[in-house]
Amino acid sequence: MIMNMIFDTHAHYTSHQFDNDRIALLQSLPKSGVVGVVDCGTDYDSTLQSLELAEQFPWLYTAAGIHPQSLIEDDTSTNLRFGGDWQAEMKAILPLYSNPKVVAVGEAGLDHHWPIPKDAQYAMFEAHIKTALELDLPLIVHDREAHAETYTLLAKYRPKGVVHCYSGSAEDALTLVKQGMYLGFTGACTFKGAKRAAKAIAAIPLEHLLLETDCPYMAPEPVRGRRSDSSLIIHTAAKIAEIKGISTQEVLQATAENAVRLFGISI
């Protein structure tokens, strides 16, 4: 039985915000109770960097994919290495899925917050969904201000996976769970105005809930505003425990077991 253990199902330790202390920080995480991390690639190069870390740390795993924002950011391999040809980039990523440390497809999805060409991001997300289905891997879904379109594609294809940083309604949460999806919650659910997240957390079974940081972003209360890391999930777990009326340890145990089940790994 997994007891009092942190599994962070969505991190970005390849971020430049960790350049000064990345290895030292990762070395320290097990002392904070971290037993697992899925580090998410956002393009080909970051996926390779994530895999390098995964080879160094037995408890760290990689998700391989292209984030929709990579289509418009100048410093991504999508543009620097592949000239904006995301299909060529996905072809380059494909062999990486044979690495046992790659446990998911993503981070991939739809984003209407930024001015990303809709046709390109829709086609790219659909390609990621099909890849996940073909390889029988879970899909890590990015959904920002694109609920209806994202849910439509998930309902059409029914991949297994997680809707990362869930921000939809409680009603939609129940629908996604019925389709077999997991929902991931970051430190944002601890913020004072996070009533929508609280309703979704209350509505869904604990067996379909995952903890994540999206670090270095969205550090939870009471450390909101600082750089986030996986050790801070304890605060997110405490908030979910409060909403669910159970102990923080029960939340940590259940969500770690959920992660093990979804990603097909052992800890």
Side-chain angles (χ1 to χ4, degrees), residues 1-11 33-38 40 61 63 103-107 109 129 132-133 136-143 147-148 150-191 194-214 218 220 230 233-267:
M1 180 178 290
I2 301 167
M3 298 294 289
N4 198 30
M5 295 179 178
I6 292 171
F7 199 119
D8 182 357
T9 60
H10 196 111
V34 176
V35 296
V37 172
V38 176
C40 299
Y61 299 87
V103 297
V105 175
E107 176 182 358
I129 295 174
L133 290 171
D136 192 28
L137 285 172
L139 177 71
I140 296 181
V141 179
H142 173 92
D143 165 25
H147 298 329
T150 300
Y151 302 160
T152 295
L153 282 172
L154 294 179
K156 177 181 178 181
Y157 289 103
R158 297 198 170 227
K160 63 182 178 182
V162 52
V163 179
H164 145 66
C165 194
Y166 184 74
S167 59
S169 68
E171 292 77 14
D172 286 334
L174 286 170
T175 299
L176 289 164
V177 163
K178 287 178 182 177
Q179 292 174 13
M181 294 294 290
Y182 290 76
L183 304 184
F185 291 90
T186 68
C189 77
T190 69
F191 300 165
K195 296 178 181 178
R196 191 175 173 93
K199 289 180 180 178
I201 290 166
I204 67 170
L206 189 58
E207 291 75 21
H208 282 267
L209 198 149
L210 296 173
L211 297 179
E212 54 183 44
T213 56
D214 201 23
M218 290 189 283
S230 302
I233 272 182
I234 191 72
H235 300 294
T236 306
K239 181 61 178 181
I240 291 172
E242 177 188 320
I243 294 168
K244 289 287 193 185
I246 57 179
S247 70
T248 300
Q249 180 174 304
E250 285 178 274
V251 172
L252 290 173
Q253 177 182 325
T255 53
E257 290 174 348
N258 293 345
V260 165
R261 184 167 61 252
L262 175 63
F263 295 112
I265 58 179
S266 58
I267 56 176

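Here, residue 1 is the first one in the sequence, and each next residue gets the next number. Just so it is clear, the structure is predicted and the values come from calculations on it, not from any experiment.
The side-chain hydrogen bond (donor to acceptor under 3.5 Å, both in side chains) search around Y182 returns R261, not counting sequence neighbours. Every residue meeting the salt bridge (Lys or Arg N to Asp or Glu O under 4.0 Å) condition with K160, not counting sequence neighbours, appears here in chain and number order: D136. Applying the salt bridge (Lys or Arg N to Asp or Glu O under 4.0 Å) criterion to K156, with sequence neighbours excluded, gives E126.
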Donor-acceptor list for residues 202-214 side chains, cut-off 3.5 Å, not counting sequence neighbours:
residue, atom, partner, partner atom, Å
H208, ND1, M181, O, 3.0
E212, OE2, H164, ND1, 2.6
E212, OE2, C165, N, 2.5
T213, OG1, D8, OD1, 3.4
T213, OG1, D8, OD2, 2.6
T213, OG1, H10, O, 3.3
T213, OG1, C215, N, 3.0
D214, OD1, H12, NE2, 3.2

Result block: side-chain N/O donor-acceptor pairs under 3.5 angstrom for residues 236-243, not counting sequence neighbours:
none

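Between A194 and A188, the shortest heavy-atom distance links the atoms CB-O, 3.4 Å. Here the closest non-hydrogen pair linking Y166 and A200 is CE2-CB, 3.8 Å. Here the shortest heavy-atom pairing between V162 and L183 reads CG2-C, 4.0 Å. When all heavy atoms of A132 and L139 are compared, the pair lying nearest together is CB-CB, 4.1 Å. Closest of all the heavy-atom pairs between P138 and F263 is CG-CD2, 3.7 Å.
Atoms NE2 and OG1, on H235 and T190 in that order, are 9.0 Å from each other to the nearest 0.5 Å. We find the CZ-OG distance between F185 and S167 to be 9.0 Å, quoted to the nearest 0.5 Å.
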Assess whether side chain to side chain contact (heavy atoms under 4.5 Å, CB included) is satisfied between Y157 and L133, documenting all intermediate values. CA-CA 8 Å; Y157 289 103; L133 290 171; 4.0 Å; yes
For a side chain to side chain contact (heavy atoms under 4.5 Å, CB included) check, start with the C-alpha distance between V103 and L137, then their side-chain angles and the critical distance, and finish with the verdict. CA-CA 7 Å; V103 297; L137 285 172; 5.7 Å; no
Between N258 and L262, is a side chain to side chain contact (heavy atoms under 4.5 Å, CB included) present by the stated rule, with each step listed? CA-CA 6 Å; N258 293 345; L262 175 63; over 6 Å; no
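Residues S266 and V260 fail the side-chain proximity criterion, which asks for heavy atoms closer than 4.5 Å. Residues F7 and T255 are not in side-chain contact: their nearest non-hydrogen atoms beyond the backbone lie 4.5 Å or more apart.
Pairs passing the salt bridge (charged side-chain N to carboxylate O under 4.0 Å, His left out) check and including a residue from residues 169-190, sequence neighbours excluded, do not occur.
Side-chain atoms of R158 do not come within 3.5 Å of backbone N or O of Q179 as any donor-acceptor pair.
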